[in-house]
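Hydrogens, waters and symmetry mates are skipped; everything else that's a heavy atom, side chains included, is used.
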Amino acid sequence: AQLNLCRSSGNYKEHLKWWKQESRGGDNQKTMWWFGYHNRCVLQLGVICWFRARNKVIKHNIKLINNPEEYENAHLFNKAFDKLMDYTPKIAVYYGDEKVDWDEAKDYFNRFMIKDFVKSVKEWDFPEYFDYSYTSKQMEEYEKRFRSLRGDLFTGGIILKEYIELDKTGGHTHEFRGFYYKGRLIHLYHNSENYEDKLDKITKFAGKIPKLDSNFYTIDFAVTKEGKFVVLECGDGQVSGLPSDKEIEELYDKLLNRG
């Protein structure tokens, strides 16, 4: 496994500059980014495989912020669901190649979407949601299509998730991402200026979420059509998309000081 290490003087901003250069133009979909601490500096490490790179990580006296189990606890939605079930739409989980009973699913959900244990897909020819109007045969074909679209990135199995309508302005939803360190919300950013006046409310809501069994993770929130806050997804903080440059520095500062 390839382990990319910063070679700066210990200033995390230099590490950040290095990471931006290294991450441009590569096949980042097949690269996992792991966070660690070294000499009071937050590092971001690019590794193809955590297990194969572990000895190299230890050799450089770097302690990863999450071990593989903690990574899965936040990154696989089915593993986090028990903690989030009061704040997120209901789901049905099918492991591996377990056959989905589509008639049962249509009875359980009014409308639902398909995802694997990590992600859904957004393609012009793939429905945003499904309902009773689809036959079981059609659903089987859409499941095959979903697995094909996810390809090598398909993870764990199938999750059917209740579809809820989100509030939109100009066709854009109002979503927020919270970064958590050891169960504590340390940073929250949003994709909509229209909801700046609601940041206090979403921050309060985000602070109520039960702690996941992970040291560093993210939770994504949105505003429903009825004006309520809801949890959409969660993920390992090491591989979650980062905010603007300014907010990245703020996040690193908070991580450096352990929140």
For Asn73 and Ala80, the nearest pair of non-hydrogen atoms, with its separation, is O-CB, 3.5 Å
Closest heavy-atom pair, Tyr94 versus Glu98, reported as atoms and distance to 0.1 Å, is CA-OE1, 3.4 Å
Which donor-acceptor pairs under 3.5 Å do the side chains of residues 201-213 make with protein atoms, sequence neighbours left out?
{"from": "Thr203", "atom 1": "OG1", "to": "Leu199", "atom 2": "O", "distance (Å)": "2.6"}
{"from": "Asp213", "atom 1": "OD1", "to": "Lys83", "atom 2": "NZ", "distance (Å)": "3.2"}
{"from": "Asp213", "atom 1": "OD2", "to": "Lys83", "atom 2": "NZ", "distance (Å)": "3.4"}

d(Glu143 CD, Ile114 CD1) to nearest 0.5 Å is 6.5 Å
Main-chain N/O of Phe117 paired with Lys79 side-chain donor or acceptor, under 3.5 Å: no
- prompt: Parallel, tilted or perpendicular for Phe112 and Phe109, by the 30°/60° rule?
  reply: tilted
Check your understanding: So, Glu140 and Lys99, do they make that salt bridge, N to O below 4.0 Å?
Key -> yes
Value for CE (Met139) from CG (Asp103), rounded to nearest 0.5 Å, stands at 11.0 Å
Over 60° means perpendicular and under 30° means parallel, so classify the ring planes of Phe81 and Phe77, tilted if in between. tilted
Residues Ala74 and Cys234: closest non-hydrogen pair is O-SG, 3.1 Å
Does Phe154 share a hydrophobic cluster with Val100, counting links as ILVMFWY side-chain heavy atoms below 4.5 Å and allowing steps through other members?
yes
Can Arg150 and Val118 be said to form a side chain to side chain contact (heavy atoms under 4.5 Å, CB included), step by step? CA-CA 10 Å; Arg150 289 290 285 147; Val118 177; 4.3 Å; yes
Heavy-atom nearest pair, Tyr71 first then Val239, reads CE1-CG2, 4.1 Å
One should read off an interatomic distance between Ile158 CD1 and Asp97 CG, to the nearest 0.5 angstrom, of 9.5 Å
**Request:** Give a yes or no on whether the backbone of Glu69 and the side-chain of Glu72 come within a donor-acceptor separation of less than 3.5 Å.
**Result:** no
- Is any side-chain N of the basic residue among Arg145 and Glu141 closer than 4.0 Å to the acidic one's carboxylate O? no
Worksheet item: Is the Phe229 ring parallel, tilted or perpendicular to the Phe176 ring (thresholds 30°, 60°)?
Response: perpendicular
Exercise. Decide yes or no on side chain to side chain contact (heavy atoms under 4.5 Å, CB included) for Thr135 and Trp102, but give the supporting numbers first.
Key: CA-CA 8 Å; Thr135 66; Trp102 292 109; over 6 Å; no
Item checked: Glu233 with Lys161: basic N within carboxylate O range, under 4.0 Å -> yes
field: Side-chain donor or acceptor of Arg177 paired with backbone N/O of Ser240 under 3.5 Å
entry: no
Any side-chain to backbone donor/acceptor pair from Thr173 onto Glu175? Under 3.5 Å, distance only.
no
- In terms of hydrophobic clustering (I, L, V, M, F, W, Y; side-chain heavy atoms under 4.5 Å; direct or indirect links), are Ile219 and Leu76 co-clustered? yes
- prompt: Does Phe179 reach the side chain of Leu255, with side-chain heavy atoms less than 4.5 Å apart?
  reply: no
Original post:
Out of curiosity, does Leu149 fall in the hydrophobic cluster containing Tyr134 (side-chain heavy atoms, cut-off under 4.5 Å, transitive links)?
Top reply: yes
Exercise. Can you check salt bridge (Lys or Arg N to Asp or Glu O under 4.0 Å) on Glu128 and Arg111, steps first, answer last?
Worked result: CA-CA 10 Å; Glu128 186 176 359; Arg111 294 183 293 180; over 6 Å; no
**Asked** Leu232 and Met113: same hydrophobic cluster, using ILVMFWY side-chain contacts below 4.5 Å?
**Response** no
Does any N or O in the side chain of Thr155 come within less than 3.5 Å of the main-chain N or O of Leu153, such that one atom is a donor and the other an acceptor? yes
To the nearest 0.5 Å, atom CZ of Phe221 lies from atom OG1 of Thr88 at 10.0 Å
Modelled atom types, side-chain donor and acceptor of Ser214 and Asn66, under 3.5 Å: yes
d(Glu162 CD, Asn110 CG) to nearest 0.5 Å is 8.0 Å
What one should report as the nearest heavy-atom pair of Ile159 and Asn78 is CD1-N, 4.0 Å
Q: Give a yes-or-no answer on whether the side chains of Asp236 and Gln238 include a donor-acceptor pair shorter than 3.5 Å.
A: yes
(message) Given 3.5 Å as the limit, does a donor-acceptor pair link the side chain of Lys254 with the main chain of Ile186, or not?
(response) yes
Of Tyr129, Trp124, Phe130, the one forming a ring pair (Phe, Tyr, Trp, His ring centres under 6.0 Å) with Phe126 is Phe130
Nearest heavy-atom contact between Leu160 and Ala105 is CD1-CB, 3.6 Å
Would you say NZ of Lys90 has more than 12 non-hydrogen atoms from neighbouring residues, nucleotides or ligands within 6.0 angstrom?
yes
